[in-house]
Q: 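Can you read through this structure? Questions will come right after.
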Amino acid sequence: MHMEIFPIIVLEKLNNYVLENNKGFIVGVFKDDNLLGGGLFLKSKNRITYLFSSFNMDGRKLQAASFLISNIVKQYENSNLILDFEGGNLPNIGSFFKSFSAKDEGYSNLNYINVISLFKKS
């Protein structure tokens, strides 16, 4: 296992695609006109997916992520949309999401194997 720096250009392209194609929205959290951080959400027919977020040190101290999610929940509480936290393998992140009454949801996994190609001679 290892970590790499996420290329900012990839995030910029993703943001642009989502916004230009009306596939989601970006929400910022501010205090006294200072940006504390924000999140990128994807929106489909029945689901809002919390795809990405980032907060500066002040945002972390002030629990801006909790404020962000609480406001999204409140905004969509009377809709039929599901707020999808898109998983997370870190226990602290899972505990954070569960504090918003998140429930585990299993996903099916499909692997495609081209069996015929295994028997072809090179």
Q: Kindly compute the distance separating CZ (Phe52) from CG (Leu42), expressed to the nearest 0.5 Å.
A: 12.5 Å
Q: Passes side chain to side chain contact (heavy atoms under 4.5 Å, CB included), Lys61 versus Phe55? Steps please.
A: CA-CA 10 Å; Lys61 287 178 192 173; Phe55 297 91; over 6 Å; no
Q: In Å, rounded to the nearest 0.5 Å, how long is the span from CZ of Arg47 to NZ of Lys45?
A: 12.5 Å
Q: Kindly compute the distance separating OG (Ser70) from CD (Gln63), expressed to the nearest 0.5 Å.
A: 10.0 Å
Q: In terms of heavy-atom contacts, does CG of Asn22 have more than 12 from other residues, nucleotides or ligands at under 6.0 Å?
A: no
Q: Asn56 side chain to Leu35 main-chain N or O, any donor-acceptor pair under 3.5 Å?
A: yes
Q: With a 4.5 Å cut-off on side-chain heavy atoms, are Asn34 and Asp58 touching?
A: no
Q: Roughly how far, to the nearest 0.5 Å, is the CG atom of Leu36 from the OG atom of Ser54?
A: 11.5 Å
Q: Give, for atom CG of Leu62 and atom NZ of Lys31, the distance between the pair rounded to the nearest 0.5 Å.
A: 5.5 Å
Q: Taking it one step at a time, do Leu40 and Phe25 satisfy side chain to side chain contact (heavy atoms under 4.5 Å, CB included)?
A: CA-CA 6 Å; Leu40 171 62; Phe25 53 93; over 6 Å; no
Q: Can you give the donor-acceptor pairs under 3.5 Å from side chains of residues 8-18 to other protein atoms, not counting sequence neighbours?
A:
unit_1	atom_1	unit_2	atom_2	d
Asn15	ND2	Leu11	O	3.4
Asn16	ND2	Glu12	O	3.3

Q: Atom CZ of Phe67 and atom CZ of Phe30: how far apart are they, to the nearest 0.5 Å?
A: 11.5 Å
Q: Taking side chain as C-beta onward, heavy atoms only, is Val27 less than 4.5 Å from Leu68?
A: yes
Q: Name the residue from Ile26, Ile72, Leu51, Thr49 that meets the side-chain contact (heavy atoms from CB on, under 4.5 Å) definition with Phe41.
A: Ile72
